[in-house]
Protein chains: 2
Amino acid sequence: MPQFLSNNKKYYTPVEYVFSKIGGTYKMPILWRVKDRAWRYSELKKSISNVSDRMLSKNLKELCDDGFISKTIIPEVPVKVEYTMTERGQEAIPIISVLRDYGFSLMKQDGIKD
Amino acid sequence: MPQFLSNNKKYYTPVEYVFSKIGGTYKMPILWRVKDRAWRYSELKKSISNVSDRMLSKNLKELCDDGFISKTIIPEVPVKVEYTMTERGQEAIPIISVLRDYGFSLMKQDGIKD
DNA sequence: TTAGTAACTAACATTTATGTAAGTATGCCA
DNA sequence: TGGCATACTTACATAAATGTTAGTTACTAA
């Protein structure tokens with residue numbers, strides 16, 4: 001396998017690089033929601049089953065730091081925080097869409113009903 | 001998030017189901033190699049950087065059990081084992097291809113040379 | 001009888017990802 | 001002053017993925 005470095009971490013494939021950015025249990029679910037409108041922290045919390053504050057804020061922070069979403073703090077009372085897509089984030093959506101479709105196809109092959 | 005069961009494990013999204021089948025560090029690298037010809041165990045071992053016997057044989061077994069590749073034992077001396085794609089495995093290739101292309105695109109955005 | 005090769009397999013250790021519970025900051029309102 | 005709300009953050013614990021080392025089977029050739 002080829003290999004390359006980024007931030008002192010070694011990657012062996014481009015696919016591995018993708019998952020370092022948008023992999024894990026919650027990042028794609030977050031991006032998928034935020035794709036067409038601004039979402040508040042509390043909305044995401046309610047909408048994504050079982051996500052803890054720890055994982056939600058960790059993943060939101062990483063997605064911001066990596067440029068996939070952006071964060072707006074609206075100084076109302078109590079404070080309101082909104083997350084929206086960046087252009088880089090939008091580019092991830094077709095890939096997630098392909099994975100979703102493939103997931104449904106596998107589920108069908110395996111006799112799983114959703 | 002919606003949810004469904006398969007083999008007593010709970011899944012929340014179709015994407016999660018995809019990764020339960022072809023996710024992890026080595027499954028896509030294996031499928032990507034096996035896509036156009038038969039590969040021997042020892043060839044895969046040499047070709048995939050850093051993979052241990054434990055992970056290689058575990059992943060090969062799971063990919064077989066899940067119907068993505070098939071295994072042929074050729075009773076020469078010493079024994080020869082070959083892995084080839086199934087039709088179900090072939091269907092995964094375009095998805096891996098999309099992920100690879102996206103990986104290269106992210107790497108380019110991030111100034112990483114391969 | 002010993003050694004060598006291919007393809008595993010099992011036991012145990014470590015690393016990484018995720019879960020749980022509690023606490024913090026800000027500001028308002030009663 | 002106390003309590004409530006949103007959006008986190010921290011410390012600690014558990015679970016899941018992967019790594020390491022050694023061993024196994026089956027057969028042949030020296």
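A note on names: the letters A, B, ... follow the listed sequences, proteins ahead of strands, and every chain is numbered from 1.
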Is a donor on one side and an acceptor on the other found under 3.5 Å between the side chain of [X] and the backbone of [Y]?
| X | Y | answer |
| --- | --- | --- |
| Thr86(B) | Gly67(B) | yes |
| Glu43(A) | Arg40(A) | yes |
| Ser20(B) | Tyr17(B) | yes |

Please determine whether a side-chain nitrogen of the Lys or Arg among Lys21(A) and Glu62(A) lies less than 4.0 Å from a carboxylate oxygen of the Asp or Glu.
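So Lys21(A) does not pair with Glu62(A) through a salt bridge.
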Which pairs, with at least one residue in residues 77-105 of chain A and sequence neighbours excluded, count as a salt bridge (charged side-chain N to carboxylate O under 4.0 Å, His left out)?
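Matches after skipping sequence neighbours: Arg88(A)-Asp110(B).
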Distance under 4.0 Å to a non-hydrogen atom of chain B counts as contact; along DNA chain D, which nucleotides mark the start and end?
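Both ends considered, the range comes out as dT18(D) to dT28(D).
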For every nucleotide of nucleotides 6-27 of chain C, 5' to 3': is a protein heavy atom under 4.0 Å from its base (B), only from its sugar-phosphate (S), or from neither (-)?
SSBB-B------BBB------S
Answer yes or no: are there more than 12 heavy-atom neighbours, outside Lys113(B) itself, under 6.0 Å from its atom NZ?
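Counting other residues, nucleotides and ligands, NZ of Lys113(B) stays at 12 neighbours or fewer.
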State, yes or no, whether a side-chain contact exists between Leu99(A) and Ile95(B) at a heavy-atom distance under 4.5 Å.
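In contact.
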Net bend of the helix from dT1(C)-dA30(D) to dA30(C)-dT1(D), end axes of five pairs each, nearest 10 degrees
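Roughly 30° between the end axes, to the nearest 10°.
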With Lys71(A) via salt bridge (Lys or Arg N to Asp or Glu O under 4.0 Å) - residues at least two apart:
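Lys71(A): no salt bridge (Lys or Arg N to Asp or Glu O under 4.0 Å) contacts found.
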Taking the six-membered ring for Trp, are the ring centroids of Tyr12(A) and Phe4(A) within less than 6.0 Å of each other?
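Between Tyr12(A) and Phe4(A), the centre distance exceeds or equals 6.0 Å.
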Considering residues at least two apart in sequence or located in another chain, which fulfil the side chain to side chain donor-acceptor pair (under 3.5 Å) criterion with Ser6(B)?
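Expected list: none.
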